[in-house]
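Scroll down for the structure; my scribbles are underneath it.
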Number of protein chains: 2
Amino acid sequence: MVNIKQVAAHAGVSFKTVSRVVNKDPTVKKINQEKVLKAIEELGYRPNRAASITRRKQSGVFGLIADELLKTPFTFDIIRGAQDIAWEQNKELMVLNVNEKRFSAEKAIEHLFEHRVEGIIYASMYHRVLDIPDELLKIPAVLVNCSAIKENLACVIPDEVQAAETITNSLIEKGYKRIAFLNLNENIAAAKGRKQGVINAFQQNNLPMQDLYIESVIIEDKNGEKSIAREATRRVINTFNPDAILCGQDFMAVEVYFIMQAMGYSVKQDIGIGSFDDWENTPQLLQPMLTTMALPHYKMGQWAMNYLLAGRKDIVKHKEQFKLIERESF
Amino acid sequence: MVNIKQVAAHAGVSFKTVSRVVNKDPTVKKINQEKVLKAIEELGYRPNRAASITRRKQSGVFGLIADELLKTPFTFDIIRGAQDIAWEQNKELMVLNVNEKRFSAEKAIEHLFEHRVEGIIYASMYHRVLDIPDELLKIPAVLVNCSAIKENLACVIPDEVQAAETITNSLIEKGYKRIAFLNLNENIAAAKGRKQGVINAFQQNNLPMQDLYIESVIIEDKNGEKSIAREATRRVINTFNPDAILCGQDFMAVEVYFIMQAMGYSVKQDIGIGSFDDWENTPQLLQPMLTTMALPHYKMGQWAMNYLLAGRKDIVKHKEQFKLIERESF
DNA sequence: AATAAAAAAGACAACGTTGTTTAGTTGTGT
DNA sequence: ACACAACTAAACAACGTTGTCTTTTTTATT
């Protein structure tokens, strides 16, 4: 590829002048600037970033490590959020997938160090508490969708409590009084926060606790996680007789819709349905379309990148708000 | 960060010897190698990639441009496939999301040129024919999940014809004789290939064409694409009376399941259902679980990276095979 | 023990940039 | 016309590596 000296020769100036033009140094006479720009255009010159990084001692590159335990469309949202911000500021984002079997997080961090990244975003695919490699502490870093056991790193996580409060309040506001919450696996952080949020909303509205039923219907067995949502829905409708069901995730809502249809109940009229995620086009696929709390992955990615770009080092636990997507299911 | 000369001083050898150890040059005596390794460990030295790239004149970095028209979990599969291969060979992958509003593909290519990438993978989020920026021709490049209008670039695309043939044959083998295929928007490449595949299977099995019904139930109107699957399913069952329905995508199958349940038909016993995608955990969510043709995104990502790493320049149109995931819906 | 051959390690330049210093050019006020 | 400042541009070093060439050390052979 053509280099700065060739451009200089072509433009009839010193190569340092070309460098100045490329770096928008204002001390270049207009006439020379034009000559250089023309030469760059004609030769298709693109500055060599590696050389620039070597000399400048700063890379303008940030790393994003995505763990791959679960592959979800949300991964991509976090990446998009971070990258959109990075790009606005002319920074690069280097994305590395981590995967226990093939590539460890430690290895990924080493790679990123070699590239002299100026900061690292570590993104987990689901909201949880993580044991962070110590290496990460040697460099500005943020966690996305997870927090550190040792609480020694800043992180951004979804505000599960707020999400559950918001949708429960919305349900109550619409007149639903007897709510069954089919929660996720109770061992994960998301499930705990949401349970709290639903309870908060009941208390804020002075509703009796006997009108609230909460059960975890994603349970763990030897093969990993497993949904008992169908069985639970049938049972809960028959025994608890709710006027609304809040589902721990949109996929669960699909199952609930099926069971309700089979039992001859109609969504909204007989039982209102709410959910969490706003997973792809699942909510629009259902009829009536599902009202759900959208996970703030894109915004979390943005927040993380902004945190790094601001040069922050404070250890905060930032909570990003879900958004209520009102459709037709309650 | 610590540099090669500091390591050399600490180890008591010349800095060139450190370079040799780092690059696994076998002409270093074991005793010195150990000294250097120890020094590297103690100082936490990581070679500076930018400097190495500058000197070596090759970056070991490849670019992946992902267009963002549609965000799907499959995007990530393509990236994973490419990255897994890249990493095995100690190459880096730089992923850039492209998005008409913010960042054009041209801009992404410029960025990648600055990083002196050794090749570029351009991945489309759905299978289609694209007008490729000429810039891409200046460097080794492959297209994933799309092909070039001008046919001037190698590409890897899903083998839609094979997929449709395979699942239709499987349906026929299991005794289904009268098949309705609810296809995607007929304007997209995938729909065309699949239609052909279904027809091929009927011909190969000498089945009468009047036992095959094909309709595109994803249609375009002023607001973009829209599904008429529910209406069509009801109509097709009533008028064509199929013993199997083949759906253009898993999401469509969800709708078909709902309609069938509402009409009092049971999946598999009354009407067998097959589909395309293997979208996340949608197929497992349905009961009975959905048999579907899994899109080969991961493999396409791998193929693309292997193409570049092999230094190939031949303009091929490689087709990657779908995989039949047999579950319980027919 | 002497010598040649082979192996290992060092010296130094080069990669394509940018930072700093120095030199040259232009303009202004007397 | 002259001094001086203010611009502008050139020259040169430096960044942290690796390639090439040279020197030193080790090993093998007699």
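Reminder, nothing fancy here: chain letters follow the sequence lines and each chain counts from 1. Just the heavy atoms: all of them, side chains too, but no hydrogens, waters or symmetry mates, feed the values below.
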Exercise. For A/Thr17 and D/dA10, is the shortest distance between a side-chain N/O and OP1 or OP2 below 4.0 Å?
Worked result: yes
Give the table of side-chain donor-acceptor pairs shorter than 3.5 Å for residues 300-310 of chain B, with sequence neighbours excluded, one pair per line with atom names and distance.
residue, atom, partner, partner atom, Å
B/Asn306, ND2, B/Gln302, O, 3.3
B/Tyr307, OH, B/Asp314, N, 3.4
B/Tyr307, OH, B/Asp314, O, 2.6

For this session: Measure from CD on A/Gln33 to C1' on D/dC7 and round the result to the nearest Å.
Result: 15 Å
Exercise. Can you name the residues that form a side-chain contact (heavy atoms from CB on, under 4.5 Å) with B/Glu135, not counting sequence neighbours?
Worked result: B/Ile109, B/Phe113, B/Lys138
For this session: Sequence neighbours left out, what passes side chain to side chain donor-acceptor pair (under 3.5 Å) with A/Gln33? Give chain and number order.
Result: none
Problem set entry | Listed partners of A/Asp131 passing side chain to side chain donor-acceptor pair (under 3.5 Å), at least two apart | none
Problem set entry | B/Lys29: partners by salt bridge (Lys or Arg N to Asp or Glu O under 4.0 Å), with sequence neighbours left out | none
Seminar exercise, completed: Expected string for nucleotides 13-26 of chain D under the B/S/- scheme (protein heavy atoms, under 4.0 Å, primed atoms plus P, OP1, OP2 as sugar-phosphate) is BBBBBBB------S
